[in-house]
Amino acid sequence: MGLLIRNGTVVAAETMGVADVLIDGEVIREVHRGIPPDSHDVLDATGMLLLPGGIDAHTHLDMPFGGSTSSDDFETGTRAAAIGGTTAIIDFAIQARGTRMRAALDTWWKKAESRACIDYGLHMIVTDLPEAGLEDMDEMVREGVASFKLFMAYPNVLMVDDATIFRALQQTSKNGALICMHAENGSVIDVIVRQALAEGKTAPIHHALTRPTRAEAEAVHRAIAMAEIAGVPIYIVHLSSEDALNQVREARDRGLPAFAETCPQYLLLSIDDMKLPGFEGAKYVFTPPLREKANLAKLWDGLKSDNLQVVSTDHCPFCFEDQKALGKDDFTKIPNGGPGIENRLQLLHHHGVGTGKITLNRFVEIVSTSPARIFGLYPRKGVIAPGSDADIVVWDPEAEHLISAKTHHMRCDYSMFEGFRVRGNARQVFSRGELIVENGQYKGRVGRGQYLRRAARGGAWN
Ligand SMILES: [Zn+2]
């Protein structure tokens, strides 16, 4: 006896049509019209869309940053994700300088294993790379950590030099991992920041004003050039500006395997949202910063034209009252990050599909199928098909929802999208065949999420 979801419209990256979906245990068995109900449990999904569970490829749960820790741990963060229709995340383990990557992996497994409510993979953030680090990378790939993130920003904290980046890129040609790049010229930004502080510019808005789009574009250009020399693909995380997007487009036009993601905040918010009274702008202090409004339409175009392939959240919440406040007198001391893991599908569906900027197929592709392919989870995740995990969102395209910190499930005392009204929301969410969310309530067990061993040489390599 299985579970039969009947009469929903199954949406995939390329196709869409009414079908029944038969789930047997944790896996999808059949997807076609007219599956007989037999002795199965039956869920009627007439009028609903059936989406493959969302995959958020960029989250920071329980992450130490600048003397604070992101306010969602693996329990609260993944529960909020599930309620919003996301059934898998890829979070970041951080190698501490001078230590082995294995230690970081163990630390993050421990953070996640008894708490995660949905399945989770891990990227590894590389902060230094001695000779042994190259072997560490291979070992991580064997452990299913098929991607590494390096920083061209945050000097003296996370930033690595070009030689380190290039050696890491070269190593991926052997082990098939994917390098993810935080692309901003950290050295230049650091000079501008110190000059601003010396001039007494300490308010949150100066976080944005000291990080020009050219500093992002320059780093994107340099990162892609190094990947080209090494002969490997590259993935730019949280791309935020037209300047930077132009670099990716130029590379892709030349046939290079350059990939990039953006986030809802860059598609829907601008630097104008930071022009709030007092310290309120700190709610929007994250990196890269919010940009001038003209960039928003360009990023939507990038999604449409496939110069951007993924929308993730870069979820990294810090509470306004006691954490963001660390930077009251100095914007450089504001913990960088914002909450978003719960609202990604709602925002993309409403502002993307609802306005005709992207199709339903493209919506599914950028929130699920494409991250699954690029990060070595496809076809186990990212598609509703026989043999795939039964990660299914029963999506009500007409459901109205008001986004607010008063009702959201993220452990954060504000919302970046406070007061946004959206049409379209998850009604039920299944994770490996288990009903974990119904009408905005989490029904699953805490700690039920499983570690995802991801395959190397994912979609970026083809
Ligand atoms: Zn991030």
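Along the sequence shown, the residues carry numbers beginning at 1. Since we're looking at a predicted model, the values are computed, not measured. Whatever order the structure lists ligands and atoms in, that order sets their numbers, starting from 1.
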Undergrad: Relative to each other, are the rings of Phe151 and Tyr154 parallel, tilted or perpendicular (30° and 60° limits)?
TA: tilted
Undergrad: Is the cationic atom of Lys149 (NZ for Lys, CZ for Arg) positioned less than 6.0 Å from the six-membered ring centroid of Phe92 and within 45 degrees of its normal?
TA: yes
Undergrad: Is the side chain of Trp461 donor-acceptor paired with the backbone N or O of Gly176 at a distance under 3.5 Å, no angle test?
TA: yes
Undergrad: Parallel under 30°, tilted from 30 to 60°, perpendicular over 60°: which one fits the rings of Phe331 and His206?
TA: tilted
Undergrad: Under 2.8 Å from the Zn ion (ligand 1), can any N, O or S atom of His238 be found?
TA: no
Undergrad: N/O/S atom of His58 under 2.8 Å from the Zn ion (ligand 1), yes or no?
TA: yes
Undergrad: Any idea which N/O/S atom from Asp314 gets closest to the Zn ion (ligand 1)?
TA: OD1
